[in-house]
Protein chains: 2
Amino acid sequence: MALTRDTVVDTAVRVLTQYGLADLSMRRLARELDVQVGALYWHVASKQELLVDVAARLLAQIPDTPQHLENDDAASVRAHLLTLCRAIFEALLPIPDSADVVQWAAATRPEALRAVASLQDLLTSFEVEPARIGAATSLLLHLIVGNVAELQNAVIAVGEEQLEIRRVTERIRDNFGWGLERILDSIARTP
Amino acid sequence: MALTRDTVVDTAVRVLTQYGLADLSMRRLARELDVQVGALYWHVASKQELLVDVAARLLAQIPDTPQHLENDDAASVRAHLLTLCRAIFEALLPIPDSADVVQWAAATRPEALRAVASLQDLLTSFEVEPARIGAATSLLLHLIVGNVAELQNAVIAVGEEQLEIRRVTERIRDNFGWGLERILDSIARTP
DNA sequence: ACCTGAACACCGTTCAAGT
DNA sequence: ACCTGAACACCGTTCAAGT
């Protein structure tokens with residue numbers, strides 16, 4: 001029955017998923033948990049800290065890539081990278097404002113996001129020069145998060161027209177795939 | 001003396017530049033302009049609409065690319081693209097939270113941002129397939145805005161240590177340049 | 001046409017005091 | 001240790017009423 005940090009984060013994820021970031025206030029959270037606002041601050045230092053945990057939980061559902069790949073030739077590592085990036089993209093897509101939340105978390109506490117570590121591991125197995133692993137990771141992350149944000153904002157702008165939403169979604173999903181392939185093509189074979 | 005939409009936007013840009021997005025409230029703006037909050041809503045429909053204008057003004061300082069390039073060979077178009085992207089990056093860098101503001105504006109009303117049109121024009125002169133101009137534009141925009149956001153958030157996280165700030169700034173600026181070249185390399189020569 | 005005054009329904013964060 | 005109650009200093013938006 002007692003309030004824990006875990007239940008606070010859980011509830012935050014639920015409110016974000018159902019109502020979006022604008023409705024994810026500390027007071028709304030308190031109401032949802034049947035406590036006073038002040039109670040939350042015993043379990044969480046600030047709203048920003050809470051949002052990092054929320055981002056981590058959103059990405060936690062994404063399956064880890066195996067530590068040691070059986071085939072670590074360029075082609076199969078590339079395939080794993082594609083799968084991972086698409087998985088992150090698809091995981092964030094249905095969660096409103098998830099792009100903002102993850103972008104913030106990745107910038108302030110990247111070590112809290114396991115999916116970022118997975119990305120880095122795969123890029124290390126790829127033919128990326130060691131000095132550029134960080135650059136390549138953030139490049140891919142910006143691509144994913146940027147397209148998620150673009151799609152979510154576009155859907156809001158379009159309104160309720162279902163057909164228009166599907167068109168926009170398909171266009172941006174396709175653009176994302178194209179950009180992803182371009183980037184993977186270019187980061188491996190640097191002089 | 002009378003309040004105009006222009007002076008409202010100007011003041012908003014100034015407050016954003018000096019104090020950041022958190023301090024850019026309608027009430028703060030009203031105080032700064034010596035009017036009541038309600039007065040702002042005669043000139044501006046909402047805060048979000050105002051922020052689109054702010055983004056447009058931030059990008060307006062960037063020089064337009066000439067409509068008709070003398071040399072439209074791939075190499076010189078590429079050089080123009082590099083220059084334009086770097087110019088946008090450097091223009092946004094000193095303005096706190098400009099990445100958020102521009103990302104929002106680009107997603108909701110891209111036609112309001114002249115720099116986006118310039119980008120599109122240049123990409124049309126590049127060897128990008130017509131169907132992918134939009135994808136390439138948003139790819140470059142995500143790269144720019146993503147790196148600006150990363151840099152600005154990282155600087156906040158680092159705190160006041162000047163030496164550390166310089167190190168982080170240099171690393172991300174360098175990563176940005178690397179990513180930019182990778183993308184330009186890959187978007188032109190699609191099968 | 002343009003602005004004031006005042007209200008409505010909210011925020012994040014802190015902290016003495018209770019249990 | 002964990003939570004309540006209440007306060008502090010704010011938000012964006014609306015709108016009758018004034019000039």
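All chains are named by letter (A, B, ...) in the order of the sequence lines, taking the proteins before the strands, and each is independently numbered beginning at 1. The structure displayed is predicted, hence computed values, not measured ones.
Side-chain contact between B:H80 and B:S125: absent, with no pair of heavy atoms (C-beta onward) separated by less than 4.5 Å.
B:Y41 has its OH atom 15 Å from the P atom of C:dT4, to the nearest Å. Summarising the geometry, the separation between CG on A:D34 and P on D:dG5 is reported as 12 Å, rounded to the nearest angstrom. Here the C1' atom of nucleotide C:dA7 and the CD atom of B:Q36 are 13 Å apart, to the nearest Å.
Among residues two or more places apart in sequence or in another chain, the side-chain hydrogen bond (donor to acceptor under 3.5 Å, both in side chains) test is passed with B:E181 by B:R78. Residues forming a side-chain hydrogen bond (donor to acceptor under 3.5 Å, both in side chains) with A:R14 (at least two apart in sequence, or on another chain): A:E32.
Stem regions annotated for DNA chain C: C:4-8 with D:12-16, C:12-16 with D:4-8, counting only runs of 3 or more consecutive pairs of Watson-Crick or G-U type with both contacts under 3.5 Å.
OP1 or OP2 of C:dC11 lies within a sub-4.0 Å distance of a side-chain N or O belonging to A:R31. Within the 4.0 Å cut-off from OP1 or OP2 of D:dC3, at least one side-chain nitrogen or oxygen of A:H43 is found. In this structure, A:W42 does not reach the D:dC3 phosphate: none of its side-chain N or O atoms is under 4.0 Å from OP1 or OP2.
Separating the P atom of C:dA9 from that of D:dC8 is a span of 22 Å, rounded to the nearest Å.
Comparing B:V35 and A:D23 by the nucleotide of DNA chain C whose heavy atom lies nearest to each, the residue mapping closer to the 5' end is B:V35.
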